[in-house]
Amino acid sequence: MLNKSFFDQPVLDVAQEIIGATLLFNGIGGVIVEVEAYDETDPASHSFRGPTPRNRVMFGPPGHAYVYKIYGIHHCLNFVCRPGSAVLIRALEPVQGLAAMRERRGGLSDRQLCSGPGKLAQALGIDLQHDGLGLDTPPFALKAAEVAHPIAAGPRIGITKGAETPWRFVQAGSCYLSRPLPKAQPVL
DNA sequence: AACTGGATCGTCT
DNA sequence: GACGATCCAGTTG
């Protein structure tokens with residue numbers, strides 16, 4: 001199980017080490033296969049302009065969930081690292097609670113259950129009421145990866161500022177990504 | 001396969 | 001008052 005001290009590291013380290021870990025929410029979830037990193041030096045980050053009521057959790061202690069609502073419709077889940085930084089969880093390979101996820105998502109194929117930040121929040125039943133919850137206690141549970149998977153990096157998705165920064169990390173070759181990488185770039 | 005527009009509202013300027 | 005760290009359905013090629 002990953003404890004809070006795991007998240008007290010540079011956000012780029014956490015982003016890459018979290019690939020292959022298993023995320024469960026009330027026992028439902030799967031393997032993290034796609035994330036993006038954000039920090040306070042980054043114009044695309046919610047934390048760029050300092051603390052506000054919405055992003056206050058990003059400036060709190062590491063190891064908590066930062067949940068926000070986007071486009072008035074979808075929810076997005078982040079793992080808070082050091083103050084002002086967080087990892088956006090963008091896609092899971094579904095493993096646990098397939099039936100519950102299919103029901104919430106409308107009976108789609110398994111590849112489409114959690115292949116995007118809004119989709120996975122819907123599949124797991126995460127919304128604003130879970131903003132600020134600790135990641136090391138129920139309803140959350142995080143298990144470290146048992147085997148190291150090859151990781152690839154690329155530009156982040158859906159942003160206009162900082163669009164070139166290659167802070168999107170994926171499990172190379174996974175078919176559960178929100179989108180394939182534009183150009184596969186192996187990392188280490 | 002690639003692009004378009006609509007849904008829908010909290011947040012910050 | 002404008003704009004999203006999105007998703008989906010529809011159209012076009």
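Residue numbering restarts at 1 for every chain, and letters A, B, ... go by the order of the sequence lines. None of these values were measured; they are calculated from a predicted model.
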Between [X] and [Y], is there a shared hydrophobic cluster once you connect ILVMFWY residues whose side-chain heavy atoms come closer than 4.5 Å?
{"X": "A:Leu133", "Y": "A:Met58", "result": "no"}
{"X": "A:Leu98", "Y": "A:Leu120", "result": "yes"}
{"X": "A:Ile18", "Y": "A:Ile126", "result": "yes"}

Atom of A:Met101, atom of A:Val95 and distance for their closest heavy-atom approach |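 Answer, listing the atom of A:Met101 first, then A:Val95: CE-N, 4.4 Å.
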Are there any protein N/O atoms within less than 3.5 Å of an N/O atom in nucleotides 7-9 of chain C, and if so, which ones and at what distance?
residue	atom	partner	partner atom	Å
C:dC7	OP1	A:Pro117	N	3.2
C:dC7	OP1	A:Gly118	N	2.9
C:dC7	OP1	A:Lys119	N	3.1
C:dC7	O4'	A:His74	NE2	3.0
C:dC8	OP1	A:Arg105	NH1	3.0
C:dC8	OP1	A:Arg105	NH2	3.0

What is the distance from [atom1] of [X] to [atom2] of [N], rounded to the nearest Å?
{"X": "A:Leu77", "N": "C:dT6", "atom1": "CG", "atom2": "P", "result": "14 Å"}
{"X": "A:Glu34", "N": "C:dT6", "atom1": "CD", "atom2": "P", "result": "10 Å"}
{"X": "A:Arg156", "N": "C:dT6", "atom1": "CZ", "atom2": "P", "result": "11 Å"}
{"X": "A:Asp131", "N": "C:dA5", "atom1": "CG", "atom2": "C1'", "result": "15 Å"}
{"X": "A:Tyr68", "N": "C:dG4", "atom1": "OH", "atom2": "P", "result": "12 Å"}
{"X": "A:Ile157", "N": "C:dG4", "atom1": "CD1", "atom2": "P", "result": "17 Å"}

Taking atom types as modelled, is there a side-chain donor on A:Ser45 or A:Glu40 under 3.5 Å from an acceptor on the other?
->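 No pair is found: no donor N or O on one side chain lies under 3.5 Å from an acceptor on the other.
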Identified side chain to side chain contact (heavy atoms under 4.5 Å, CB included) counterpart of A:Val87 within the set A:Val14, A:Val80, A:Ile19, A:Leu77 =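 The single option meeting the side chain to side chain contact (heavy atoms under 4.5 Å, CB included) with A:Val87 is A:Val14.
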More than 12 non-hydrogen atoms from neighbouring residues, nucleotides or ligands closer than 6.0 Å to CZ on A:Arg105, yes or no?
->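 Count over threshold, so yes.
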So which protein N/O to nucleotides 9-13 of chain B N/O distances come out below 3.5 Å?
residue	atom	partner	partner atom	Å
B:dC12	OP1	A:Thr52	OG1	2.1

Check the geometry between A:Tyr38 and C:dA5 and answer yes if their rings are stacked (centres below 5.5 Å, planes below 30°), otherwise no.
->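 So yes, this residue stacks on that base, both cut-offs being met.
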For DNA chain B, what string of dots and brackets results from 5' to 3' when Watson-Crick and G-U pairs need both distances under 3.5 Å, crossing pairs get [ ], and pairs with another strand get |?
-> |||||||.||||.
Please walk me through it: do A:Arg82 and A:Asp39 pass salt bridge (Lys or Arg N to Asp or Glu O under 4.0 Å)?
-> CA-CA 9 Å; A:Arg82 289 175 175 168; A:Asp39 78 14; over 6 Å; no
Ring centre gap for A:His64 and A:Phe7 strictly below 6.0 Å |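 Ring-ring flag for A:His64/A:Phe7: false, centres at least 6.0 Å apart.
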Would you say the ring centroid of A:His46 lies under 6.0 angstrom from that of A:Tyr38?
->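 Judged by ring-centre distance (under 6.0 Å), A:His46 and A:Tyr38 do not meet the cut-off.
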Is A:Leu88 touching bases, backbone alone, or none of the nucleic acid, heavy atoms closer than 4.0 Å?
->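 If one applies the 4.0 Å heavy-atom cut-off, A:Leu88 turns out to touch a base.
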With salt bridge (Lys or Arg N to Asp or Glu O under 4.0 Å) as the test, would you mind laying out the steps for A:Arg156 and A:Asp42 before giving the verdict?
-> CA-CA 12 Å; A:Arg156 295 170 295 181; A:Asp42 166 17; 2.6 Å; yes
